[in-house]
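Take a look at the structure set out below.
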Amino acid sequence: MSKLYELTDEYLALWDSLNDPDADWDAAEAALKGIEAALDAKVENCAKAIRGMESEQESILAEIERLTKRQHALEAKTQGLKNYVQAEMETAGRDKIRTDLFTIAIQRSPDRLIVHSEAEIPDVFFKHIPATTQLDKTAVKKALAGGTAVPGCELTHGFHLRIR
């Protein structure tokens, strides 16, 4: 069976051949119908493949979401169990417990900064980063669509395949 690009080439070549004044229109019409049917079938098969891939993408995204929720639930359970064990060890006055498999110890965490009011902090503690600029593409697009010329920019449009 021919490939899609081969069918397209045949289709275009047949149309070009119709520019010849001696062309057999009846034979060309029959050939065009045959090529169009094959072309339609190929495009339909491609559309089926696209739909299948889109469906698989959706399934994968759903599975990612499910696993992410599961991961967050496990993180919360793990932290809750750690907090429980730590509280019970502190209540019992034990800062280290050794077993055959583990050594469980309450350890001092690194210092953590809590900022209550940045306005009260002296300027020497701030990093000064030069202001950055970023192109507002939405504003440029609106200006171009409204007829205003914007140097260095142009508004273009393309086409995409839509399968219903």
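None of the values given here were measured: they were computed from a predicted structure. Atoms considered below: every heavy atom in the structure, side chains included; atoms not considered: hydrogens, waters and symmetry mates.
Note that CG of Asp136 is 8.5 Å distant from NZ of Lys142, once rounded to the nearest 0.5 Å. A distance of 12.0 Å separates CE of Met53 from CD1 of Ile60, quoted to the nearest 0.5 Å. The line from CD of Glu36 to CD of Glu29 is 9.5 Å long, rounded to the nearest 0.5 Å. The distance from the CD atom of Gln86 to the CD atom of Glu88 is 11.0 Å, given to the nearest 0.5 Å. Asp40 CG to Asn45 CG: the interatomic distance, rounded to the nearest 0.5 Å, is 11.0 Å. Rounding to the nearest 0.5 Å places OG of Ser59 at 12.0 Å from CD of Glu54.
Residues Leu14 and Ala31 approach most closely at CD2-CB, 3.5 Å, considering heavy atoms. Between Val150 and Leu144, the shortest heavy-atom distance links the atoms N-CD2, 3.8 Å. In terms of heavy atoms, Leu4 sits closest to Cys46 at CD2-SG, 4.3 Å.
For Lys3 and Glu6, the salt-bridge test fails: no basic side-chain N is under 4.0 Å from an acidic carboxylate O. In this structure, Arg66 pairs ionically with Glu63, as a charged nitrogen and a carboxylate oxygen lie closer than 4.0 Å.
Within the 4.5 Å cutoff, side-chain heavy atoms of Met89 are placed close to those of Ile97. Lys69 places none of its side-chain heavy atoms less than 4.5 Å from the side chain of Leu67. With contacts defined as side-chain heavy-atom distances shorter than 4.5 Å, the pair Asp123/His128 qualifies. Using a 4.5 Å cut-off on side-chain heavy atoms (C-beta onward), Thr103 and Lys96 make contact. Side-chain contact between Trp15 and Leu32 is present, with heavy atoms from C-beta onward closer than 4.5 Å. Taking 4.5 Å as the limit, every side-chain heavy atom of Lys33 sits out of range of all side-chain heavy atoms of Ile35.
One hydrophobic cluster holds both Leu101 and Val85 under the rule that ILVMFWY side chains link at heavy-atom gaps under 4.5 Å.
One N or O on the side chain of Lys42 and one on the backbone of Ser2 form a donor-acceptor pair closer than 3.5 Å. For Ser55 (side chain) and Arg51 (main-chain N/O), no donor-acceptor pair under 3.5 Å exists by modelled atom type.
Open room surrounds CD on Glu56; 12 or fewer heavy atoms of other groups in view lie less than 6.0 Å from it.
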| field | Residues Glu75, Gln79; criterion side chain to side chain donor-acceptor pair (under 3.5 Å); working and verdict | value | CA-CA 6 Å; Glu75 284 176 357; Gln79 191 58 50; over 6 Å; no
| task | Dump the intermediate steps for side chain to side chain contact (heavy atoms under 4.5 Å, CB included) on Asp9 and Leu7, then the final yes or no. | result | CA-CA 5 Å; Asp9 289 343; Leu7 290 170; over 6 Å; no
